[in-house]
2 protein chains.
Amino acid sequence: MRIGELAELAGTTTRTLRYYESRGLLAARRDENGYRTYDEEDLRLLRQIRTLQDSGFELEETRPFVECLRAGHPAGDACPASLDVYRRKLGELDALVEQLQAARARVAARLLRAEAELPGGPEPTCELGG
Amino acid sequence: MRIGELAELAGTTTRTLRYYESRGLLAARRDENGYRTYDEEDLRLLRQIRTLQDSGFELEETRPFVECLRAGHPAGDACPASLDVYRRKLGELDALVEQLQAARARVAARLLRAEAELPGGPEPTCELGG
DNA sequence: GCTTGCCTTGACGTCGGCGTCAAGGCTTAC
DNA sequence: GTAAGCCTTGACGCCGACGTCAAGGCAAGC
């Protein structure tokens with residue numbers, strides 16, 4: 001299949017596929033015209049990349065998964081390097097969530113305090129909740 | 001005081017202060033040399049901006065707080081517009097945390113499944129993997 | 001007078017993951 | 001033959017909050 005078809009099957013754009021290729025993630029064969037040619041295997045690789053991206057992985061972090069698939073493994077995460085990426089990402093996500101929750105707590109506290117100072121508002125309809 | 005001193009007092013850089021000025025957030029008077037001049041009030045404004053930035057607010061979102069302070073209020077969040085920003089940010093943070101936790105759950109599940117498939121790891125030196 | 005260290009404006013660089021032209025080639029349908 | 005719709009490469013744009021460099025002015029100490 002050609003680039004437009006693959007992009008559509010994966011729910012992405014041709015620009016994205018060319019970008020992946022420029023990063024060395026998703027190589028393509030060429031037909032006589034010079035058009036890029038892909039097969040079902042490429043669709044699998046692409047879907048692996050997209051799935052990871054959707055979970056917050058950077059493009060570089062998807063590389064071990066892609067290489068794992070290309071090495072013939074049944075799944076992108078059937079290789080130790082992929083598992084390392086999983087674990088690292090888990091740590092990053094945990095740290096990030098922690099930061100965000102701390103920020104949320106600070107903001108919530110400031111909001112409560114400031115609302116207590118400001119008598120104006122949506123009427124004394126409610127008292128504690130918002 | 002001059003820009004370098006203010007930057008140091010606020011734990012930031014002169015570049016940052018000039019950037020804030022270019023965005024219309026932190027104006028400065030000029031002395032005879034053309035050097036920027038600041039006072040204690042500017043330090044308060046700047047600290048308000050930095051505090052909010054540290055909690056994940058975009059620069060534009062700090063504007064109501066700065067204007068509130070400049071209007072003579074004792075705190076940057078003593079104005080309704082600031083409270084609106086607080087509330088909006090709370091919603092954003094909640095949504096973000098939710099997304100991240102969902103991503104975390106997906107990754108954790110994949111990791112567990114993949115680890116179950118891969119017998120290699122901390123103990124058995126090697127059996128299948130290479 | 002010369003160096004040092006502050007300041008000025010202006011402008012380009014950074015990071016990630018693409019979007020969006022521009023200019024042109026191939027193929028197919030009419 | 002010509003318009004439509006695919007494809008090609010190349011290159012600039014975007015977002016946010018600055019970092020960094022360039023070229024030069026001003027003040028102070030020796």
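Order of the sequence lines sets the chain letters (A, B, ...), proteins ahead of strands, with each chain counted from 1.
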Length of the line joining [X]:[atom1] and [N]:[atom2], which is rounded to integer Å:
| X | N | atom1 | atom2 | result |
| --- | --- | --- | --- | --- |
| B:Arg30 | D:dG25 | CZ | C1' | 14 Å |
| A:Tyr19 | C:dT20 | OH | P | 16 Å |
| A:Leu25 | C:dC18 | CG | C1' | 14 Å |
| A:Asp31 | C:dC26 | CG | P | 12 Å |
| A:Arg2 | D:dT8 | CZ | C1' | 12 Å |
| B:Tyr20 | D:dG16 | OH | P | 14 Å |
| A:Arg29 | D:dC7 | CZ | C1' | 17 Å |
| B:Glu21 | C:dT9 | CD | C1' | 12 Å |

Do [Y] and [X] meet the salt-bridge criterion of a basic N to acidic O distance under 4.0 Å?
| X | Y | answer |
| --- | --- | --- |
| B:Arg88 | B:Glu61 | yes |
| A:Glu92 | A:Lys89 | yes |
| A:Arg44 | A:Glu41 | yes |

Quiz item: Got a sec? Which of residues 32-52 of chain A come in under 4.0 Å of DNA chain D, heavy atoms?
Solution: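 Residues of residues 32-52 of chain A that come under 4.0 Å of DNA chain D are, in numerical order, A:Gly34, A:Tyr35, A:Arg36.
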Distance-only criterion, 3.5 Å: show the donor-acceptor pairs between side-chain atoms of residues 24-31 of chain A and protein atoms not counting sequence neighbours.
from    : atom 1 : to      : atom 2 : distance (Å)
A:Arg29 : NH1    : A:Asp39 : OD2    : 3.4
A:Arg29 : NH1    : A:Asp42 : OD2    : 3.2
A:Arg29 : NH2    : A:Asp42 : OD1    : 3.1
A:Arg29 : NH2    : A:Asp42 : OD2    : 3.0
A:Arg30 : NH1    : A:Gly34 : O      : 2.9
A:Arg30 : NH2    : A:Glu21 : OE2    : 3.4
A:Asp31 : OD1    : A:Asn33 : N      : 2.9
A:Asp31 : OD1    : A:Gly34 : N      : 3.2
A:Asp31 : OD1    : A:Tyr35 : N      : 3.1

Self-check item: Any side-chain donor near an acceptor of the partner, A:Ser55 and B:Arg110, under 3.5 Å
Solution: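 Yes, B:Arg110 and A:Ser55 have a side-chain donor paired with an acceptor closer than 3.5 Å.
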Quiz item: Judged by modelled atom types alone, do A:Arg15 and A:Tyr20 share a side-chain donor-acceptor pair under 3.5 Å?
Solution: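 No, no side-chain donor-acceptor contact under 3.5 Å.
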Self-check item: Axis-to-axis angle between the two ends of the helix from C:dG1-D:dC30 to C:dC30-D:dG1 (five base pairs per end, rounded to 10 degrees)
Solution: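 Comparing the axis at each end, I get an angle of 40°.
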For the student: nearest non-hydrogen atoms of [X] and [Y], plus distance:
| X | Y | value |
| --- | --- | --- |
| A:Cys68 | A:Ser82 | CB-OG, 4.1 Å |
| A:Ala114 | B:Tyr86 | CB-CE1, 4.4 Å |
| A:Ala7 | A:Thr14 | CB-N, 3.8 Å |

Practice problem: Drop me the distance from B:Gln101's CD to A:Leu93's CG, to the nearest 0.5 angstrom. | Solution: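 If we round to the nearest 0.5 Å, B:Gln101:CD and A:Leu93:CG are 10.0 Å apart.
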Quiz item: Residues from residues 5-18 of chain A sitting under 4.0 Å of DNA chain C, heavy atoms only?
Solution: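 Heavy-atom contacts with DNA chain C come from A:Thr13, A:Arg15, A:Thr16.
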Quiz prompt | Residues within residues 54-63 of chain B bordering DNA chain C, heavy-atom distance below 4.0 Å | solution =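 The answer is none.
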Quiz item: Is the shortest side-chain N/O distance from A:Gln53 to OP1 or OP2 of C:dC18 below 4.0 Å?
Solution: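 Answer is yes, contact under 4.0 Å.
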Quiz item: Can you list the steps and then say if B:Glu5 with B:Arg2 is a salt bridge (Lys or Arg N to Asp or Glu O under 4.0 Å)?
Solution: CA-CA 6 Å; B:Glu5 190 179 351; B:Arg2 294 188 304 186; over 6 Å; no
Practice problem: Please list all pairs passing the salt bridge (Lys or Arg N to Asp or Glu O under 4.0 Å) test where one or both residues lie in residues 72-85 of chain A, with sequence neighbours left out. | Solution: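 Every salt bridge (Lys or Arg N to Asp or Glu O under 4.0 Å) pair that includes a residue of residues 72-85 of chain A, provided the two are not neighbours, is A:Asp77-B:Arg113, A:Asp84-A:Arg87.
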Quiz prompt | Candidate pair A:Thr62 and A:Gln48, rule side-chain contact (heavy atoms from CB on, under 4.5 Å), full reasoning | solution = CA-CA 8 Å; A:Thr62 71; A:Gln48 172 75 80; over 6 Å; no
Quiz item: Testing B:Leu46, B:Thr37, B:Thr12 for side-chain contact (heavy atoms from CB on, under 4.5 Å) with B:Leu6, which one passes?
Solution: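 It is B:Leu46, the one option of B:Leu46, B:Thr37, B:Thr12 that forms the side-chain contact (heavy atoms from CB on, under 4.5 Å) with B:Leu6.
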